[in-house]
Amino acid sequence: MTVRTRFAPSPTGFLHIGGARTALFAWAYARRHGGSFILRIEDTDVARSTPEAVQAILDGMQWLGLAHDEGPFYQMQRMDRYRQVIGEMLAAGSAYHCYMSKEELDALRAEQEARKEKPRYDGRWRPEPGKILPAPPTDVLPVVRFCNPKEGVVAWDDQVKGRIEFANSELDDFIIARGDGTPTYNFCVVVDDRDMAITHVIRGDDHVNNTPRQINLLQALGAAVPQYAHLSMILGDDGQKLSKRHGAVSVMQYDDEGYLPEAVLNYLARLGWSHGDEEVFSMEQFVRWFDLDHITASAAQFNTEKLNWLNAHYLKLADPQRLAGEVARRLARQQVAIADGPDLVRVVALYRDRAGNLNELADAVHPFYAAPKPTAEMCSQHLTAAALDGLDALRGRLSACDWQAPELGKVVKETAAAVGLKMPQLAIPLRVALLGLPQSPGIDAVLEVLGRERVLARLAAVLPA
RNA sequence: GACCCUAUCGUCUAGAGGCCUAGGACAAUACCCUUUCACGGUAUGAACCCGGGUUCGAAUCCCGGUGGGGUCGCCA
């Protein structure tokens with residue numbers, strides 16, 4: 001049997017971190033087993049679904065590199081199919097029209113809550129042998145309800161949580177089509193999962209309670225029941241539930257914040273899944289290792305610090321050429337011109353070991369492309385008379401020497417010795433003069449990359465004429 | 001409230017009855033490296049929610065409690 005998984009977001013907002021992990025796991029499982037990963041857009045909530053949200057989800061998936069094999073399928077384009085199945089169920093007696101008005105339903109719920117009961121439909125329009133139904137009112141558009149079994153239990157072996165059982169007595173006859181004839185979520189999911197021959201439903205924990213209804217529906221339709229794997233939630237950094245108004249951010253925001261997709265992916269893979277002590281791995285390795293047996297059943301708290309560490313790690317490994325492209329985009333956004341400056345790829349290579357993210361990298365690289373702007377304190381602290389003498393002497397030697405890092409390092413050292421300064425006493429003023437900062441990577445490398453002309457010009461700017 | 005799920009260092013987790021004096025990673029602390037700041041290296045502290053069972057033996061199995069979470073829509 002070919003494995004077929006799906007990711008089925010509803011386009012009511014961006015792709016957030018929880019959705020991204022669900023997609024990642026479903027994608028990895030299909031890849032792992034040589035199966036297919038299907039993208040399905042559950043847009044039947046016309047009021048809340050937007051094309052922008054669809055695009056945001058697609059963008060997020062693309063940024064992460066989670067390619068689907070089939071789809072995207074849009075549920076709104078499958079209305080005819082849903083209506084057809086509803087007709088079949090009505091004909092077969094596994095569904096029925098219910099003429100209860102919303103007001104009546106609200107009243108029923110209020111009553112039940114007052115009695116501290118679980119609110120549920122009481123089955124008043126359910127056809128039953130020997131039961132006499134009232135005459136259908138003419139002013140109510142009937143909904144269609146599913147004839148849920150009244151007795152017994154529904155159970156499944158959840159691939160992450162183990163066996164889960166629900167008594168049918170806990171379930172009511174839920175609505176599968178609204179008064180206007182449009183189908184509802186649980187129904188569409190079932191028809192789609194069946195039509196798309198989904199073998200493994202990997203989704204969020206919040207769907208556990210829908211599962212028994214969907215299984216009953218599947219069985220009423222005579223369809224095979226897929227395997228289910230319910231992933232627990234991801235909590236925010238503060239241990240609170242993630243929601244639109246609290247901490248939930250778009251995966252694209254990680255792009256804005258300078259994270260590399262491979263770092264986000266690696267982090268997400270490790271959040272709720274493990275392979276022994278492995279912490280850092282590529283997506284190829286992940287796909288080779290991924291299974292449903294090692295998924296954690298309890299909720300996990302998001303830890304930005306660990307993500308940061310992974311991001312810094314992947315930054316060190318990344319191709320400078322690629323990094324330069326990312327940094328260039330960020331500098332352009334800040335109106336920093338790089339055309340006349342040193343080779344960005346070389347500058348980036350100098351800093352990629354020391355930056356936590358692409359934005360930091362862009363900031364670190366910035367001084368190479370702008371006139372140094374040391375603060376007054378920096379100047380008074382580092383550009384002392386003795387230091388300026390040293391820089392002056394250095395300028396002379398630098399104007400003639402061989403322009404290679406090892407040679408440059410030697411020149412700085414020798415100059416320091418010649419003017420009676422310790423290395424830091426010359427190197428730090430030099431950094432302030434060149435970059436406007438007291439810290440930088442090795443001064444020899446900075447000199448080399450910056451280039452003789454720019455170095456001499458920047459020295460001239462701090463030295464008295 | 002009802003139903004369902006869940007519980008190992010601050011955090012992510014390893015752990016499928018003896019391999020556990022509970023391992024790894026992030027974070028923290030200390031030291032080392034070093035021309036500065038980082039990076040890196042080494043080391044240290046830090047956990048099996050509680051109570052009952054089962055067993056020769058339980059972090060691991062069972063029951064109860066407590067904590068946390070999810071769901072109870074003509075939303076998905």
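Note that the coordinates shown come from a computational prediction; the quantities given were computed from them, not determined experimentally. Order of the sequence lines fixes the chain letters, A, B, ..., with proteins taken first and strands second; residue numbering starts at 1 for each chain.
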If you look at every strand shown and take non-hydrogen atoms under 4.0 Å, does A:K413 touch a base, only sugar-phosphate, or nothing? nothing
Counterpart base for B:A28, defined by Watson-Crick or G-U wobble contacts under 3.5 Å: B:U44
Is any side-chain N or O of A:R109 closer than 4.0 Å to OP1 or OP2 of B:C74? yes
Would you confirm whether A:K150, through its side chain, and A:S169, through its main-chain N or O, come within 3.5 Å as a donor-acceptor pair? no
Is A:K306 paired with A:E279 through a side-chain N to carboxylate O contact shorter than 4.0 Å? yes
B:G24, B:U36, B:C3: which one has an atom nearest the side-chain heavy atoms of A:Q439? B:U36
Give one of base, sugar-phosphate or nothing for A:P438, where a contact means two heavy atoms less than 4.0 Å apart. base
Using the C1' atom in both, what is the distance from B:G57 to B:C12, to the nearest Å? 31 Å
Can you tell me if A:K241 touches the phosphate of B:G70, counting only side-chain N or O atoms and a distance under 4.0 Å to OP1 or OP2? yes
Is it the case that the base of B:U35 and the side chain of A:R431 share a donor-acceptor contact (distance under 3.5 Å, atom types as modelled)? yes
So A:V143, base contact, sugar-phosphate only, or nothing? Heavy-atom distance under 4.0 Å. base
Watson-Crick or G-U counterpart of B:A38, or none if no pair lies under 3.5 Å: none
Within the 4.0 Å heavy-atom criterion, would you say A:E305 contacts the bases, only the backbone, or no part of the nucleic acid? sugar-phosphate
Paired to B:G18 by Watson-Crick or G-U wobble criteria (both distances under 3.5 Å) is B:C56
Pi-cation contact, A:F146 with A:R213 (under 6.0 Å, within 45°): no
Does A:H207 reach a base, just sugar-phosphate, or nothing at all? Heavy atoms under 4.0 Å. base
Charged N to carboxylate O below 4.0 Å: is that the case for A:D157 and A:R163? yes
If you go through the side-chain atoms of A:D277, does one of them form a donor-acceptor pair with the base of B:G23 closer than 3.5 Å? yes
Would you mind telling me which of B:A76, B:C12, B:C74 lies closest to the side-chain atoms of A:D45? B:A76
For A:K161 and B:C3, what is the distance between atoms NZ and C1' respectively, to the nearest whole Å? 15 Å
Does OP1 or OP2 of B:U6 have a side-chain N or O of A:S232 closer than 4.0 Å? no
Give A:D444 one of three labels, base, sugar-phosphate or nothing, depending on what nucleic acid heavy atoms sit under 4.0 Å from its own. base
Sugar-phosphate, base or nothing in reach of A:Y267, heavy atoms under 4.0 Å: nothing
For a quick test of reading the model: is some side-chain N or O of A:T44 closer than 4.0 Å to OP1 or OP2 of B:A76? yes
Could you check which of B:G24, B:C74, B:C37 has an atom nearest any side-chain atom of A:R354? B:C37
Quick check on RNA chain B: between A:E278 and A:A297, whose nearest nucleotide comes earlier from the 5' end? A:A297
Would you mind reading off the distance between A:L292 atom CG and B:A16 atom P, rounded to a whole angstrom? 20 Å
Determine the contact category for A:G442: base if any of its heavy atoms lies under 4.0 Å from a base atom, sugar-phosphate if only primed atoms, P, OP1 or OP2 are that close, otherwise nothing. base
Mark yes or no for whether A:T384, through its side chain, and A:S380, through its backbone, hold a donor-acceptor pair below 3.5 Å. no
If you check every side-chain atom of A:D353, which of B:C4, B:C12, B:C39 has the closest atom? B:C39
Nearest-nucleotide wise, let me know which of A:F302 and A:D293 is further upstream toward the 5' end of RNA chain B. A:F302
Answer with base, sugar-phosphate or nothing: what part of the nucleic acid does A:L271 contact at a heavy-atom distance below 4.0 Å? sugar-phosphate
Just the rounded figure in Å: distance from C1' of B:A76 to CG of A:D192. 13 Å
So if I take every side-chain heavy atom of A:M233 and compare against B:C74, B:G69, B:A76, which nucleotide ends up nearest? B:G69
Mark yes or no: A:R78 above the aromatic ring of A:Y74, with NZ or CZ under 6.0 Å from the six-membered ring centre and no more than 45 degrees from the axis. no
A:N303 side chain, from C-beta outward: closest of B:C26, B:G73, B:U35: B:C26
In whole angstroms, how far is the C1' atom of B:A14 from the NE2 atom of A:H294? 9 Å
Partner lookup for B:U66, please. Criteria are Watson-Crick or G-U wobble with both distances under 3.5 angstrom; report none if nothing qualifies. B:A7
Whom does B:U71 pair with, Watson-Crick or G-U wobble, provided both distances fall under 3.5 Å? B:A2
B:A7 versus B:A27 - spacing of their P atoms, nearest Å: 27 Å
Choosing from B:C12, B:U36, B:G70, which nucleotide comes nearest the side chain of A:I428? B:U36
May I ask you to say whether A:E278 pairs ionically with A:R270, meaning some side-chain N is under 4.0 Å from a carboxylate O? no
Return the nearest nucleotide to the side chain of A:T296; candidates are B:C37, B:A2, B:U13. B:U13
Starting at atom OH of A:Y82, determine the distance to atom P of B:C74, rounded to an integer number of angstrom. 19 Å
From CG of A:D158 over to C1' of B:U6, roughly how many Å is that when rounded to an integer? 13 Å
Could you check whether any side-chain N or O of A:N168 sits under 3.5 Å from a backbone N or O of A:V154, counting only pairs where one atom can act as donor and the other as acceptor? no
When we call it a touch if two heavy atoms are under 4.0 Å apart, what does A:N210 touch: a base, just sugar-phosphate, or nothing? base
Given 3.5 Å as the limit, does a donor-acceptor pair link the side chain of A:T415 with the main chain of A:A393, or not? no
For A:E113, which contact category applies under a 4.0 Å heavy-atom criterion: base, sugar-phosphate, or nothing? nothing
Rounded interatomic separation in angstrom, taking CZ from A:R270 and C1' from B:U13: 5 Å
For A:I443, which contact category applies under a 4.0 Å heavy-atom criterion: base, sugar-phosphate, or nothing? base
Using a heavy-atom cut-off of 4.0 Å across all strands, would you classify A:P441 as base, sugar-phosphate, or nothing? base
Looking at the side chain of A:E170, which of B:C3, B:A76, B:A25 is the nearest nucleotide? B:C3
Using the P atom as the reference point in each nucleotide, state the distance between B:C5 and B:U42 in Å, no decimals. 44 Å
Take the protein atom CD1 of A:I164 and the nucleotide atom P of B:C4, then report the distance between them rounded to whole Å. 10 Å
Give me the distance, rounded to whole Å, that separates B:C63 from B:C72 when you measure between the P atoms they each carry. 27 Å
With under 30° as parallel and over 60° as perpendicular, where do the rings of A:F286 and A:W273 fit, or are they tilted in between? perpendicular
Respond yes when some side-chain nitrogen or oxygen of A:K306 is under 4.0 Å from OP1 or OP2 of B:U13, and no when none is. no
For the side chain of A:A427, starting at C-beta, report the closest nucleotide among B:U6, B:U35, B:C74. B:U35
Scan A:K116 against the nucleic acid and name what it touches under 4.0 Å (heavy atoms): base, sugar-phosphate only, or nothing. sugar-phosphate
